[in-house]
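Contents: one structure, followed by commentary.
Please read all numbers here as calculations on a predicted model, not as lab measurements. Letters A, B, ... are given to chains in the order of the sequence lines, protein chains preceding strands, and every chain is numbered from 1.
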Protein chains: 2
Amino acid sequence: MKRAKKKVFADFMSQRGLKSTKQRDIILDSFLSSDRHLSIEELYLKLRSKHPNIGYATVYRTLKLFAEAGIAREMQFGDGQTRYEHVSEGEHHDHLVCTRCGHIEEFENETIEKLQDEVANSRGFLIERHRLEIYGLCANCRK
Amino acid sequence: MKRAKKKVFADFMSQRGLKSTKQRDIILDSFLSSDRHLSIEELYLKLRSKHPNIGYATVYRTLKLFAEAGIAREMQFGDGQTRYEHVSEGEHHDHLVCTRCGHIEEFENETIEKLQDEVANSRGFLIERHRLEIYGLCANCRK
DNA sequence: ATGCCAATGAATGTCACTTTCATGATGGCG
DNA sequence: CGCCATCATGAAAGTGACATTCATTGGCAT
Ligand SMILES: [Mn+2]
Ligand SMILES: [Mn+2]
Ligand SMILES: [Zn+2]
Ligand SMILES: [Zn+2]
């Protein structure tokens with residue numbers, strides 16, 4: 001899975017004539033090792049301790065590349081930061097977001113997806129993508 | 001409906017000890033006369049021709065007040081601008097957003113809402129709110 | 001090893017808010 | 001009414017998260 005995404009990214013890079021660099025390798029490793037929905041700043045700070053020589057701009061640009069390569073997706077959860085999450089080819093999920101602790105949980109619901117198609121069809125819309133986020137208190141924060 | 005929201009706002013203002021001003025009256029009128037999902041900038045520019053004496057900051061603050069009073073809702077559709085839409089007590093709807101022309105259409109689907117409740121329950125989440133946006137091409141832009 | 005071109009990162013720019021502050025209005029009270 | 005404590009206004013300045021610039025560095029094909 002981690003290996004597979006590294007290959008997808010490597011292929012994307014060579015196809016675009018872009019170069020492999022130490023920074024990109026490190027950032028990709030760090031990104032894939034985290035299962036959270038990371039902001040640029042968070043990933044930058046995470047790297048900073050072990051790799052003080054990697055700049056914010058490089059993290060920013062590399063995450064953009066991940067998104068272009070199809071191994072990451074930009075998300076907005078309304079906290080003012082863009083977050084990048086892992087995605088795989090053909091995979092899709094939506095989110096439950098805790099408004100207290102920031103915990104993000106993922107879910108898939110085929111029936112909801114179908115109903116969305118119906119809504120779009122009835123209005124003549126051609127769906128490109130959608131976002132469904134449920135905000136509230138996670139099980140832990142309800143206690 | 002327009003009258004009702006004006007009353008809601010007037011009550012909110014007096015309850016908070018805030019004052020009635022020409023600017024606020026004009027902005028409220030203009031906001032309620034528009035059925036679109038307006039950004040601050042858009043409403044500001046719309047007003048500018050007839051009321052060049054109303055500043056951006058006043059439009060900004062007044063829209064915030066509308067949201068606090070419960071007659072408007074802040075929305076993000078990913079175009080980099082916060083949009084304010086009309087809301088009424090107890091009303092809810094989701095959106096279809098055209099990625100070409102920016103057209104925004106509203107819909108309600110009780111079944112989707114129920115399924116969301118089920119998803120949240122199964123994870124122990126207590127729902128506060130949700131957002132469902134379907135992005136794609138509107139009927140007009142598909143032609 | 002050489003040279004072209006991409007990559008890096010410190011610095012700077014951008015943009016959409018958001019706040020400040022000097023000045024102007026509102027409205028309760030006598 | 002007329003006062004005046006408060007609130008409101010808007011030009012200007014500040015903020016924060018991205019986005020870009022540019023001098024320098026570093027891949028990598030030859
Ligand atoms: Mn996710
Ligand atoms: Mn709407
Ligand atoms: Zn939580
Ligand atoms: Zn359209």
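- A donor N or O paired with an acceptor N or O is not found under 3.5 Å between the base of D/dG27 and the side-chain atoms of A/Arg24.
- Taking the nucleotide of DNA chain D with the nearest heavy atom to each of B/Gly55 and B/Gly17, the more 5' of the two is matched to B/Gly17.
- In this structure, B/Leu18 places its CG atom 11 Å from C1' of D/dT6, rounding to the nearest Å.
- Using a 4.5 Å heavy-atom cutoff, the side chains of B/His95 and B/His37 are in contact.
- The six-membered or imidazole ring of B/Phe66 lies away from that of B/His86, with a centre-to-centre distance of 6.0 Å or more.
- Atom NZ of A/Lys7 has 12 or fewer heavy atoms from other residues, nucleotides or ligands within 6.0 Å.
- One atom, CD of B/Gln23, and another, C1' of C/dT23, lie 13 Å apart when rounded to the nearest Å.
- As a whole-Å value, the separation of A/Tyr44 OH from D/dA17 C1' is 14 Å.
- In terms of phosphate contacts, A/Thr82 brings a side-chain nitrogen or oxygen within less than 4.0 Å of OP1 or OP2 of D/dC18.
- Each of A/Leu65 and B/Glu41 has a nearest nucleotide on DNA chain C; the 5'-most of these lies closest to A/Leu65.
- When the side-chain nitrogen and oxygen atoms of A/Thr21 are compared with OP1 and OP2 of C/dT8, one or more of them lie within a distance under 4.0 Å.
- Among the nucleotides D/dT21, D/dC18, D/dA11, the one closest to any side-chain atom of B/Ala57 is D/dA11.
- Within the structure, a side-chain polar atom (N or O) of B/Lys22 is placed less than 4.0 Å from OP1 or OP2 of C/dT26.
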